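Worth knowing before you read on, the calculation uses all heavy atoms, side chains too, and leaves out hydrogens, waters and symmetry mates. Index from 1, following the sequence. All figures in this text were calculated on a predicted structure; none of them were measured in a lab.
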Amino acid sequence: MTQISGVQSRCLTVTLQLILAAALHQSFATVAPPVTAPPHKDPSRPERGNYNVSSSNGTVCLLASMGLQLNITFNSTSLNKTVQEVVNLQPNLTKSSGSCGPDIATLRLTTDGEKTNLTMFFSLNTTSSKYHLSEVSLSAILPDMKDPFSAKNGSLDYLRGTLGFSYMCREEQTLDVAQSLSINTFQLQVQPFGLAGEQFGAAEECQLDEDDMLIPIIVGAALAGLVLIVLLAYLIGRKRSHAGYQTI
(Lines give C-alpha, C1' and ligand atoms only; values in the text may rest on other atoms or scores of the structure.)
Protein backbone atom coordinates (compact mmCIF):
# COMPACT_ATOMS: atom_id res chain seq x y z
CA MET A 1 0.00 0.00 0.00
CA THR A 2 2.73 2.46 0.99
CA GLN A 3 4.84 1.43 -2.01
CA ILE A 4 1.94 2.08 -4.43
CA SER A 5 1.30 5.52 -3.00
CA GLY A 6 5.03 6.35 -3.29
CA VAL A 7 5.12 5.34 -6.95
CA GLN A 8 2.02 7.41 -7.65
CA SER A 9 3.53 10.43 -5.90
CA ARG A 10 6.81 10.16 -7.84
CA CYS A 11 4.87 9.87 -11.14
CA LEU A 12 2.87 13.02 -10.39
CA THR A 13 6.03 14.91 -9.36
CA VAL A 14 7.90 14.00 -12.56
CA THR A 15 4.90 14.88 -14.74
CA LEU A 16 4.45 18.27 -13.09
CA GLN A 17 8.16 18.97 -13.61
CA LEU A 18 7.74 18.20 -17.34
CA ILE A 19 4.80 20.61 -17.58
CA LEU A 20 6.83 23.36 -15.86
CA ALA A 21 9.81 22.73 -18.16
CA ALA A 22 7.60 22.93 -21.27
CA ALA A 23 6.04 26.19 -20.09
CA LEU A 24 9.45 27.72 -19.37
CA HIS A 25 10.74 26.59 -22.77
CA GLN A 26 7.83 28.32 -24.53
CA SER A 27 8.43 31.47 -22.48
CA PHE A 28 12.08 31.63 -23.52
CA ALA A 29 11.30 30.63 -27.13
CA THR A 30 9.06 33.64 -27.62
CA VAL A 31 11.69 36.14 -26.51
CA ALA A 32 12.92 38.03 -29.57
CA PRO A 33 16.63 37.90 -30.31
CA PRO A 34 18.63 41.10 -29.63
CA VAL A 35 18.66 43.60 -32.48
CA THR A 36 21.97 45.11 -33.54
CA ALA A 37 21.67 48.84 -34.18
CA PRO A 38 22.88 50.08 -37.58
CA PRO A 39 25.93 52.39 -37.68
CA HIS A 40 24.10 55.66 -38.26
CA LYS A 41 20.60 55.39 -36.84
CA ASP A 42 17.98 52.89 -35.80
CA PRO A 43 14.64 53.99 -37.26
CA SER A 44 11.44 52.65 -35.80
CA ARG A 45 9.22 50.12 -37.54
CA PRO A 46 8.15 51.64 -40.89
CA GLU A 47 4.58 52.80 -41.34
CA ARG A 48 2.41 50.63 -43.55
CA GLY A 49 1.54 52.29 -46.85
CA ASN A 50 -1.14 51.53 -49.43
CA TYR A 51 -0.04 51.68 -53.06
CA ASN A 52 -1.75 50.90 -56.36
CA VAL A 53 -1.17 50.93 -60.10
CA SER A 54 -3.86 51.63 -62.69
CA SER A 55 -4.02 50.49 -66.29
CA SER A 56 -4.52 52.85 -69.24
CA ASN A 57 -8.31 52.65 -68.86
CA GLY A 58 -8.14 53.71 -65.20
CA THR A 59 -8.77 50.26 -63.74
CA VAL A 60 -6.65 49.31 -60.75
CA CYS A 61 -4.43 46.40 -61.82
CA LEU A 62 -1.97 46.13 -58.90
CA LEU A 63 -2.48 46.56 -55.17
CA ALA A 64 0.18 46.62 -52.47
CA SER A 65 0.01 47.34 -48.75
CA MET A 66 3.25 47.16 -46.77
CA GLY A 67 5.87 48.83 -44.64
CA LEU A 68 9.27 49.05 -46.34
CA GLN A 69 12.73 49.50 -44.87
CA LEU A 70 15.82 49.86 -47.08
CA ASN A 71 19.24 48.67 -45.92
CA ILE A 72 21.75 50.48 -48.14
CA THR A 73 25.54 50.09 -48.04
CA PHE A 74 27.53 52.97 -49.55
CA ASN A 75 30.69 55.04 -49.29
CA SER A 76 30.36 57.84 -46.74
CA THR A 77 31.84 61.25 -47.56
CA SER A 78 32.18 62.40 -43.94
CA LEU A 79 33.57 59.12 -42.57
CA ASN A 80 35.54 58.20 -45.69
CA LYS A 81 34.52 54.54 -45.37
CA THR A 82 31.73 52.13 -46.23
CA VAL A 83 28.66 52.40 -43.99
CA GLN A 84 25.12 51.06 -43.88
CA GLU A 85 22.10 53.34 -43.75
CA VAL A 86 18.64 52.11 -42.76
CA VAL A 87 15.89 54.12 -44.47
CA ASN A 88 12.13 53.82 -43.87
CA LEU A 89 9.83 54.70 -46.74
CA GLN A 90 7.22 57.17 -45.49
CA PRO A 91 3.86 56.51 -47.22
CA ASN A 92 2.68 60.12 -47.00
CA LEU A 93 5.81 61.25 -48.88
CA THR A 94 5.88 58.38 -51.37
CA LYS A 95 4.26 58.35 -54.80
CA SER A 96 3.33 55.12 -56.57
CA SER A 97 3.20 54.47 -60.29
CA GLY A 98 3.87 51.60 -62.65
CA SER A 99 2.34 49.49 -65.37
CA CYS A 100 0.51 46.20 -65.87
CA GLY A 101 0.88 43.73 -68.71
CA PRO A 102 -0.28 40.17 -69.42
CA ASP A 103 2.70 38.64 -67.61
CA ILE A 104 4.71 41.59 -66.21
CA ALA A 105 3.56 44.15 -63.61
CA THR A 106 5.66 47.00 -62.26
CA LEU A 107 5.34 49.00 -59.05
CA ARG A 108 7.51 52.12 -58.82
CA LEU A 109 7.79 54.01 -55.52
CA THR A 110 9.31 57.49 -55.56
CA THR A 111 10.14 59.51 -52.47
CA ASP A 112 12.46 62.19 -51.08
CA GLY A 113 11.83 64.60 -53.95
CA GLU A 114 12.44 61.85 -56.51
CA LYS A 115 15.91 61.23 -55.08
CA THR A 116 14.93 57.68 -54.10
CA ASN A 117 13.29 55.39 -56.66
CA LEU A 118 12.40 51.79 -55.84
CA THR A 119 11.00 49.62 -58.64
CA MET A 120 9.56 46.14 -58.17
CA PHE A 121 8.86 43.83 -61.11
CA PHE A 122 6.40 40.94 -60.83
CA SER A 123 6.34 38.10 -63.35
CA LEU A 124 3.45 35.74 -64.09
CA ASN A 125 3.86 32.22 -65.43
CA THR A 126 0.75 31.90 -67.57
CA THR A 127 1.12 28.11 -67.73
CA SER A 128 1.15 27.49 -63.96
CA SER A 129 -0.80 30.68 -63.06
CA LYS A 130 1.89 31.50 -60.48
CA TYR A 131 3.53 34.91 -60.00
CA HIS A 132 6.55 36.13 -58.06
CA LEU A 133 8.74 39.18 -57.46
CA SER A 134 11.38 38.69 -60.15
CA GLU A 135 13.33 41.96 -60.16
CA VAL A 136 14.10 44.93 -57.91
CA SER A 137 16.05 48.07 -58.69
CA LEU A 138 16.88 51.04 -56.50
CA SER A 139 18.46 54.40 -57.22
CA ALA A 140 19.06 56.82 -54.37
CA ILE A 141 20.92 59.96 -53.42
CA LEU A 142 21.46 60.34 -49.69
CA PRO A 143 23.17 63.40 -48.12
CA ASP A 144 26.40 61.64 -47.12
CA MET A 145 26.96 59.60 -50.29
CA LYS A 146 30.11 60.09 -52.32
CA ASP A 147 28.30 58.87 -55.43
CA PRO A 148 24.65 58.21 -56.31
CA PHE A 149 23.55 54.74 -55.21
CA SER A 150 22.32 52.13 -57.67
CA ALA A 151 21.51 48.44 -57.25
CA LYS A 152 19.57 45.95 -59.34
CA ASN A 153 18.82 42.23 -59.42
CA GLY A 154 16.71 40.62 -62.15
CA SER A 155 16.96 37.03 -60.90
CA LEU A 156 14.83 37.12 -57.76
CA ASP A 157 12.16 34.70 -56.63
CA TYR A 158 10.25 36.28 -53.74
CA LEU A 159 6.60 36.85 -52.80
CA ARG A 160 5.27 33.83 -54.69
CA GLY A 161 1.51 33.79 -55.23
CA THR A 162 -1.27 32.40 -57.41
CA LEU A 163 -3.23 34.27 -60.08
CA GLY A 164 -6.38 35.74 -58.56
CA PHE A 165 -5.02 35.52 -55.00
CA SER A 166 -2.99 37.99 -52.96
CA TYR A 167 0.27 37.19 -51.22
CA MET A 168 0.37 38.06 -47.51
CA CYS A 169 3.15 38.04 -44.91
CA ARG A 170 2.46 39.73 -41.58
CA GLU A 171 5.85 38.80 -40.15
CA GLU A 172 8.96 40.82 -40.94
CA GLN A 173 10.91 39.31 -43.81
CA THR A 174 14.13 40.33 -45.55
CA LEU A 175 14.53 40.38 -49.33
CA ASP A 176 18.21 40.19 -50.26
CA VAL A 177 18.59 42.09 -53.53
CA ALA A 178 22.32 42.74 -53.86
CA GLN A 179 25.42 42.87 -51.67
CA SER A 180 24.74 46.56 -51.07
CA LEU A 181 20.96 46.35 -50.75
CA SER A 182 18.35 44.39 -48.81
CA ILE A 183 14.72 45.26 -48.09
CA ASN A 184 12.75 44.53 -44.92
CA THR A 185 8.99 44.19 -45.41
CA PHE A 186 6.37 44.49 -42.67
CA GLN A 187 2.67 43.59 -42.76
CA LEU A 188 2.92 42.95 -46.48
CA GLN A 189 0.04 42.14 -48.82
CA VAL A 190 0.39 42.40 -52.58
CA GLN A 191 -1.51 41.31 -55.67
CA PRO A 192 -0.06 42.19 -59.08
CA PHE A 193 -2.37 40.07 -61.25
CA GLY A 194 -5.99 38.93 -61.38
CA LEU A 195 -7.63 41.71 -59.40
CA ALA A 196 -11.42 41.70 -59.26
CA GLY A 197 -12.30 45.34 -58.61
CA GLU A 198 -10.18 47.38 -56.22
CA GLN A 199 -9.86 44.84 -53.42
CA PHE A 200 -7.37 42.11 -52.63
CA GLY A 201 -8.32 38.56 -53.48
CA ALA A 202 -8.19 35.80 -50.89
CA ALA A 203 -4.78 35.77 -49.21
CA GLU A 204 -2.14 33.07 -49.45
CA GLU A 205 -0.04 33.38 -46.30
CA CYS A 206 3.74 33.06 -46.21
CA GLN A 207 5.59 30.27 -44.41
CA LEU A 208 6.70 32.67 -41.65
CA ASP A 209 3.08 33.36 -40.70
CA GLU A 210 2.19 29.65 -40.77
CA ASP A 211 5.17 28.77 -38.54
CA ASP A 212 4.24 31.56 -36.11
CA MET A 213 0.73 30.08 -35.73
CA LEU A 214 2.01 26.49 -35.53
CA ILE A 215 4.27 26.96 -32.48
CA PRO A 216 1.45 27.80 -29.98
CA ILE A 217 -0.60 24.88 -31.34
CA ILE A 218 2.27 22.43 -30.81
CA VAL A 219 2.99 23.71 -27.30
CA GLY A 220 -0.70 23.63 -26.41
CA ALA A 221 -1.01 20.05 -27.65
CA ALA A 222 2.08 19.03 -25.68
CA LEU A 223 0.72 20.58 -22.48
CA ALA A 224 -2.66 18.90 -23.04
CA GLY A 225 -0.87 15.59 -23.46
CA LEU A 226 1.04 16.08 -20.21
CA VAL A 227 -2.16 16.92 -18.35
CA LEU A 228 -3.72 13.72 -19.73
CA ILE A 229 -0.71 11.73 -18.48
CA VAL A 230 -1.16 13.22 -15.01
CA LEU A 231 -4.85 12.28 -15.02
CA LEU A 232 -4.15 8.74 -16.18
CA ALA A 233 -1.41 8.32 -13.58
CA TYR A 234 -3.82 9.51 -10.90
CA LEU A 235 -6.58 7.14 -11.99
CA ILE A 236 -4.20 4.18 -12.22
CA GLY A 237 -2.84 4.98 -8.78
CA ARG A 238 -6.32 5.08 -7.30
CA LYS A 239 -7.24 1.79 -8.94
CA ARG A 240 -4.17 0.06 -7.53
CA SER A 241 -4.84 1.61 -4.15
CA HIS A 242 -8.39 0.20 -4.06
CA ALA A 243 -7.12 -3.19 -5.22
CA GLY A 244 -4.66 -3.19 -2.31
CA TYR A 245 -7.47 -2.55 0.20
CA GLN A 246 -9.54 -5.43 -1.19
CA THR A 247 -6.60 -7.83 -0.82
CA ILE A 248 -6.15 -6.89 2.83
Hydrophobic clusters here meaning ILVMFWY residues chained together by side-chain heavy-atom distances under 4.5 Å, can you tell me if [X] and [Y] are in one?
| X | Y | result |
| --- | --- | --- |
| V53 | F121 | no |
| L109 | L93 | no |
| M145 | L70 | yes |
| L118 | F186 | no |

Should [X] and [Y] count as side-chain neighbours, where that means a heavy-atom distance under 4.5 Å?
| X | Y | value |
| --- | --- | --- |
| F193 | S129 | no |
| T185 | L159 | no |
| L107 | V190 | no |
| F74 | S180 | no |
| F149 | L181 | yes |
| S123 | H132 | yes |
| P46 | L68 | no |

Q: Using salt bridge (charged side-chain N to carboxylate O under 4.0 Å, His left out) as the criterion, list what pairs up with D157, not counting sequence neighbours.
A: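 R160.
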Q.
K152: which residues meet the salt bridge (charged side-chain N to carboxylate O under 4.0 Å, His left out) condition with it, sequence neighbours left out?
A.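 In terms of salt bridge (charged side-chain N to carboxylate O under 4.0 Å, His left out), with neighbours along the sequence ignored, K152 is linked to E135.
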Side chain [X], main chain [Y], donor-acceptor under 3.5 Å:
| X | Y | result |
| --- | --- | --- |
| N153 | V177 | yes |
| T162 | F165 | no |
| S96 | N52 | yes |
| Q191 | G201 | yes |
| D103 | T126 | no |
| Y158 | D176 | yes |
| N125 | S128 | yes |
| S55 | T59 | yes |

Rounded distance (nearest 0.5 Å) linking atom [atom1] of [X] with atom [atom2] of [Y]:
| X | Y | atom1 | atom2 | answer |
| --- | --- | --- | --- | --- |
| L124 | C100 | CG | SG | 11.5 Å |
| N117 | I141 | CG | CD1 | 9.0 Å |
| L175 | N184 | CG | CG | 8.0 Å |
| S78 | K146 | OG | NZ | 10.0 Å |
| T106 | M120 | OG1 | CE | 11.0 Å |
| D144 | S76 | CG | OG | 3.5 Å |

Heavy-atom pair with the smallest gap, counting every atom of [X] and [Y]:
| X | Y | result |
| --- | --- | --- |
| Q69 | N88 | NE2-OD1, 2.9 Å |
| S182 | T174 | CB-CG2, 4.0 Å |
| Q179 | T73 | O-OG1, 4.5 Å |
| R48 | S65 | NE-OG, 3.1 Å |
| P91 | Y51 | CA-OH, 3.7 Å |

Q: Decide, yes or no, whether a salt bridge links R170 with E205 under the criterion of side-chain N to carboxylate O below 4.0 Å.
A: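 Salt bridge flag = yes for E205 with R170.
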Q. For L195, which fellow cluster members are found when Ile, Leu, Val, Met, Phe, Trp and Tyr are connected by side-chain heavy-atom distances below 4.5 angstrom, either directly or through intermediates?
A.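 Same cluster as L195: V60, L63, F200.
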Q. With a cut-off of 6.0 Å (strictly less than), are more than 12 heavy atoms of other residues, nucleotides or ligands near CD of E204?
A.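 Yes, the 6.0 Å shell around CD holds more than 12 heavy atoms from other groups.
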Q) In terms of ring plane angle, is the pair F122 and Y131 parallel, tilted or perpendicular, where the classes change at 30° and 60°? A)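 It falls in the perpendicular class, over 60°.
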Q: Go through Q207 and Q173 one step at a time and tell me if the side-chain contact (heavy atoms from CB on, under 4.5 Å) criterion holds.
A: CA-CA 11 Å; Q207 188 65 45; Q173 59 180 337; over 6 Å; no
**Q.** Test side-chain contact (heavy atoms from CB on, under 4.5 Å) applied to V136 and I183, step by step
**A.** CA-CA 10 Å; V136 168; I183 301 173; 3.9 Å; yes
